[in-house]
Amino acid sequence: LDGIGLGGALGAVFSSWRDLSQNPASGALRSAVRERGRIVTDMFKNLTRNLNSIRNGLTQTIKGRASQINALTEQVAKMKESIVNSIDPVIKEELQAQRMLVVRQLSTEVGINYFESADGAMVVQLQGSGFSLVNRFESAELSVEESTSYGGNVTIKGTLPGSGSGIVDLTTKISSG
């Protein structure tokens, strides 16, 4: 059965059962049923291992991106104080340009909308959700939770800026940058 896919292996199992049903006393046919069943079992085990490996890799990628988003939103929020407190208009403009570079980098990680208030503070929201990643000088914290139940779902949650406790499920609201 080398080189055949799962469908072919399952077909071979059913075929061997059909053969055995016509000659139930045959030791060779019983052995063929057992061997083909073992092959299908091994194929399912390999598929499960491969799918788990893919899921784990994707989960690690999502966690890495969430961590990067957290670092960038924290950086944007912290820059607000320097911008607002800057007396020199040239330095203020440079700081705003640096912050825009960080916002552009953030936009490559996740879809965002942003606006700047008159005092130089910035609000950055997840595109289409209204969830604030940055609200003036505070940033949200994204977290990734992996369910160990059947199917192993991954959930992305956000803690509202400044609340520490207002947690929102963002899994379906996040889009790529």
Side-chain angles (χ1 to χ4, degrees), residues 5-7 41-177:
L6 183 58
T41 301
D42 288 347
M43 289 177 115
F44 274 115
K45 286 179 183 177
N46 284 333
L47 284 171
T48 299
R49 269 192 300 278
N50 290 342
L51 289 173
N52 284 337
S53 177
I54 291 168
R55 185 186 70 222
N56 291 337
L58 289 171
T59 299
Q60 291 309 310
T61 298
I62 292 168
K63 285 181 178 181
R65 296 218 28 213
S67 178
Q68 176 70 4
I69 290 166
N70 287 338
L72 292 169
T73 57
E74 185 177 345
Q75 194 175 350
V76 169
K78 285 183 178 179
M79 293 177 89
K80 182 261 182 195
E81 191 173 332
S82 299
I83 291 169
V84 170
N85 292 334
S86 177
I87 298 170
D88 185 339
V90 173
I91 293 175
K92 186 177 222 164
E93 192 173 308
E94 286 177 14
L95 290 169
Q96 287 172 320
Q98 288 174 8
R99 182 176 62 185
M100 280 311 299
L101 288 174
V102 176
V103 169
R104 283 190 191 103
Q105 187 177 358
L106 177 61
S107 73
T108 65
E109 294 290 330
V110 66
I112 59 170
N113 295 319
Y114 60 90
F115 61 91
E116 187 175 355
S117 63
D119 69 352
M122 185 167 272
V123 174
V124 179
Q125 297 178 330
L126 281 176
Q127 197 169 44
S129 75
F131 181 83
S132 291
L133 291 170
V134 177
N135 189 3
R136 303 187 54 78
F137 57 90
E138 296 177 314
S139 61
E141 179 79 20
L142 297 183
S143 61
V144 178
E145 297 175 6
E146 184 177 10
S147 168
T148 56
S149 66
Y150 182 77
N153 295 332
V154 173
T155 305
I156 303 168
K157 295 186 177 182
T159 303
L160 295 168
S163 74
S165 61
I167 298 174
V168 177
D169 185 347
L170 300 170
T171 308
T172 61
K173 297 177 177 29
I174 291 183
S175 64
S176 182

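For the numbers below, each heavy atom of this structure counts, side chains included, while hydrogens, waters and symmetry mates do not.
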Show me the donor-acceptor pairs within less than 3.5 Å that the side chains of residues 124-131 make with the rest of the protein, sequence neighbours left out.
{"unit_1": "Ser129", "atom_1": "OG", "unit_2": "Leu126", "atom_2": "O", "d": "3.2"}
{"unit_1": "Ser129", "atom_1": "OG", "unit_2": "Phe131", "atom_2": "N", "d": "3.0"}

Report summary line: Residues at least two apart in sequence or cross-chain that pass side-chain contact (heavy atoms from CB on, under 4.5 Å) with Ser67, listed by chain then number, are none

Query raised in the report: Out of curiosity, Leu58 CG to Glu146 CD, how far, rounded to the nearest 0.5 Å?
Result: 10.5 Å

Requested in this report: Indicate yes or no for a side-chain donor-acceptor contact from Ser86 to the backbone of Ser82 under 3.5 Å, with no hydrogens or angles considered.
Outcome: no

Query raised in the report: Do Ser132 and Val123 touch side chain to side chain, with heavy atoms closer than 4.5 Å?
Result: yes

**Report entry** Pairs flagged by salt bridge (charged side-chain N to carboxylate O under 4.0 Å, His left out) wherever residues 77-102 is involved - sequence neighbours left out
**Finding:** Glu74-Lys78, Arg99-Glu116

Requested in this report: Compare all side-chain heavy atoms of Ile54 with those of Asn52 and state whether any distance is below 4.5 angstrom.
Outcome: no

Requested in this report: Any chance you could measure Leu106, atom CG, to Tyr114, atom OH, to the nearest 0.5 Å?
Outcome: 10.5 Å

Query - With sequence neighbours excluded, residues passing side chain to side chain donor-acceptor pair (under 3.5 Å) with Asn70 - result: Glu141

Report task. Provide the full list of salt bridge (charged side-chain N to carboxylate O under 4.0 Å, His left out) pairs with a residue in residues 41-53, sequence neighbours left out, each pair given once. Result -> Arg38-Asp42

**Report entry** Shortest non-hydrogen separation from Leu142 to Gly158 and the atoms involved
**Finding:** CD2-CA, 4.0 Å

Query raised in the report: Can you find a heavy atom in the side chain of Phe44 that is under 4.5 Å from one in the side chain of Leu6?
Result: yes

Query raised in the report: Is there a side-chain contact between Val144 and Val154, using heavy atoms and a 4.5 Å cut-off?
Result: yes

Query raised in the report: From Arg65 CZ over to Thr108 OG1, what is the distance, rounded to the nearest 0.5 angstrom?
Result: 7.5 Å

Query raised in the report: With a 4.5 Å limit on heavy-atom distance, are the side chains of Arg104 and Leu101 in contact?
Result: yes

Query raised in the report: Is any side-chain heavy atom of Leu72 closer than 4.5 Å to a side-chain heavy atom of Glu109?
Result: yes

Query raised in the report: Can you check whether Ile112 reaches Val103 side chain to side chain, under 4.5 Å on heavy atoms?
Result: yes

Query - Inter-residue atom distance Asn153.CG - Thr59.OG1, 0.5 Å rounding - result: 10.0 Å

Requested in this report: Any chance you could measure Thr159, atom OG1, to Leu170, atom CG, to the nearest 0.5 Å?
Outcome: 9.0 Å

Query raised in the report: Do Met122 and Val76 have side chains that get closer than 4.5 Å, going by heavy atoms?
Result: yes

**Report entry** For Thr171, all residues meeting side chain to side chain donor-acceptor pair (under 3.5 Å), sequence neighbours excluded
**Finding:** Asp169

